[in-house]
*Asks:* 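The structure follows.
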Amino acid sequence: MRSTKTLLIEPNALLREGLRRILAETAYAPSAAAASLDELGSMAAFDGSMIVLIIDASRDHDETCRQAKALKEANPGAKIVMLIEQYDIKQVVAAFQAGADAYLKKSISHEVLVKSLDLVMLGEAIFPGAILDLLREREAPGAHANEVPAAEDPHDMGPPAKGLSVRETVILRCLMDGDSNKIIARKFDITEATVKVHVKAILRKIQAKNRTQAAIWAASHLPGSRGTPTS
C-alpha cells in the first residue's frame, strides 16, 4: 500500500498550528504545513504517496480552486479538502468543478474533521447538506412563477442537458430542491422504483457520485429558469 502524505495549507499561523496538533495523533499527521502551497516547494512533490491536501479556501477561493485543479491533473488520486468560513453557492460549484473531495466549514469539530477525512479516503465526497438550502435560495426569486406543474407537457421543457432525457432533466431539478424519491414519484405520477432508475441514469450521465453532487452539477449546468434546460 502507498503511504499517505498529508499537506496542510493555512495562512493563519495560529490556526495552522492548531490544525497540525489536532491531526498529529491521527492517520493524517501533516508531513508539511505552510501558509501557501508555493511555500512547500519540493515537499509537495509527488513521490508515489497518496496526497491529502487540506487547504484554506477562504482567503483567495479562485486561486485555491486553480491550485486544486492543477494538483488533480498532476495526481488524479490526490484528495483535496477545502476549509472555508461560510458557504457561497458559486464557490461551492467552483470547488466541485476543480475536483475538491470535501468542502468543510472551519467551525466543525475536530471529530467531524477526522471522520470527514476518513470518508474522503474511502472515496466519498463531503459537501454539507446546507448546500441544498443554498440551492433552494438561489431559485427562490420567482420560484412560484417558474414552477413546473407535474402535468406539464414534457415537450414544452426545451432541449435536455448532457444527454439527459426531458424527464431526467426535470427530476434533476427536483434533486436540486432536495425532493425525496417519494415526493418525485407523486409529482409525476410514477413509481418510486421508476424514480430510482431515473436517478441512477442521471448520476451515470453527469458522472456524479450522489444526489448532492448531482444538485451541485445542476446548479452549474442548468439555467435558473425551470422552463429552458440547456446544455
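Just so it is clear, the values below take in all heavy atoms, side chains as well, and ignore hydrogens, waters and symmetry mates.
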*Asks:* Does the side chain of Ile202 come within less than 4.5 Å of Leu164's, by heavy atoms?
*Replies:*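 The answer is yes; the side chains approach within 4.5 Å.
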
*Asks:* Less than 4.5 Å apart, side chain to side chain, heavy atoms only: is that true for Thr64 and Met82?
*Replies:*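 In short, these two side chains touch, coming nearer than 4.5 Å.
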
*Asks:* If you round to the nearest 0.5 Å, how far is NE2 of His198 from OG1 of Thr169?
*Replies:* 11.0 Å

*Asks:* Does Lys72 reach the side chain of Ile80, with side-chain heavy atoms less than 4.5 Å apart?
*Replies:* yes

*Asks:* Hey, are Glu124 and Lys209 close enough for a salt bridge, meaning a charged N less than 4.0 Å from a carboxylate O?
*Replies:*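 No.
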
*Asks:* Name all pairs fulfilling the salt bridge (charged side-chain N to carboxylate O under 4.0 Å, His left out) condition that reach into residues 11-37, sequence neighbours left out, sorted by first residue then second.
*Replies:*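 For residues 11-37, and leaving out neighbouring residues, the salt bridge (charged side-chain N to carboxylate O under 4.0 Å, His left out) pairs sorted by first residue read Glu17-Arg20, Glu17-Arg21.
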
*Asks:* Are Ser58 and Asp56 close enough that a side-chain donor and a side-chain acceptor fall under 3.5 Å?
*Replies:*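 Ser58 vs Asp56: donor-acceptor pair found between side chains.
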
*Asks:* Would you say the side chain of Trp217 lies within less than 4.5 Å of the side chain of Val93, judging by non-hydrogen atoms?
*Replies:* no

*Asks:* Grouping I, L, V, M, F, W and Y whenever their side-chain heavy atoms are under 4.5 Å apart, do Val170 and Leu203 come out in a common cluster?
*Replies:*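 Same hydrophobic cluster.
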
*Asks:* Using side-chain heavy atoms (C-beta onward) and a distance below 4.5 Å, is Asp101 in contact with Val52?
*Replies:* no

*Asks:* Check Lys106 with Glu10, please: is the shortest side-chain N to carboxylate O separation under 4.0 Å?
*Replies:* yes

*Asks:* If hydrophobic clusters are built by linking Ile, Leu, Val, Met, Phe, Trp and Tyr wherever their side-chain heavy atoms come under 4.5 Å apart, do Ile183 and Leu175 end up in the same one?
*Replies:*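 Cluster IDs for Ile183 and Leu175 differ.
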
*Asks:* Tell me whether Leu172 shares a hydrophobic cluster with Val197, the cluster being built from Ile, Leu, Val, Met, Phe, Trp, Tyr side chains joined at under 4.5 Å.
*Replies:* no

*Asks:* Does a donor on one side chain and an acceptor on the other come within less than 3.5 Å for Asn181 and Arg186?
*Replies:* no

*Asks:* Given side chains that start at C-beta, do those of Leu104 and Ile84 come closer than 4.5 Å, heavy atoms only?
*Replies:* no

*Asks:* Only one of Ile184, Ile171, Val195 passes side-chain contact (heavy atoms from CB on, under 4.5 Å) with Asp179; say which it is.
*Replies:* Ile184

*Asks:* What distance do Leu122 atom CG and Lys79 atom NZ have between them, rounded to the nearest 0.5 Å?
*Replies:*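 Atom-to-atom, Leu122:CG and Lys79:NZ are 9.0 Å apart.
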
*Asks:* For a 4.5 angstrom cut-off between non-hydrogen side-chain atoms, does Leu8 reach Ile55?
*Replies:*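 The answer is no, as the side chains (C-beta and beyond) never meet within the 4.5 Å cut-off.
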
*Asks:* Hey, what do you get for OH (Tyr103) to CD1 (Ile216), rounding to the nearest 0.5 Å?
*Replies:*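 Reported to 0.5 Å precision, the distance equals 10.0 Å.
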
*Asks:* Contact between Leu53 and Leu37 at the side-chain level, heavy atoms closer than 4.5 Å - yes or no?
*Replies:*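 Result yes, sub-4.5 Å side-chain heavy-atom pair found.
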
*Asks:* Would you check if the side chain of Lys5 reaches a backbone N or O of Met50 as a donor-acceptor pair within less than 3.5 Å?
*Replies:*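 No, because the side chain of Lys5 does not come within donor-acceptor range (under 3.5 Å) of the backbone of Met50.
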
*Asks:* A quick test of your reading: do over 12 heavy atoms of other residues, nucleotides or ligands sit less than 6.0 Å from NZ of Lys196?
*Replies:* no

*Asks:* Going through the distances and angles, do Ile126 and Val81 end up as a side-chain contact (heavy atoms from CB on, under 4.5 Å)?
*Replies:* CA-CA 9 Å; Ile126 310 299; Val81 177; over 6 Å; no

*Asks:* Within the distance-only criterion (no hydrogens, no angle test), does the side chain of Glu168 pair as donor or acceptor with the backbone N or O of Ser165 below 3.5 angstrom?
*Replies:* yes

*Asks:* Say you draw a straight line from CZ of Arg211 to CE of Met176; how long is it, rounded to the nearest 0.5 Å?
*Replies:* 13.5 Å

*Asks:* Could you tell me the separation between the CG atom of Leu113 and the CG atom of Leu23, rounded to the nearest 0.5 Å?
*Replies:* 5.5 Å

*Asks:* Could you measure the distance from the CG atom of Asp118 to the OH atom of Tyr28? Nearest 0.5 Å is fine.
*Replies:*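 Rounded to the nearest 0.5 Å, the CG-OH separation comes to 3.5 Å.
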
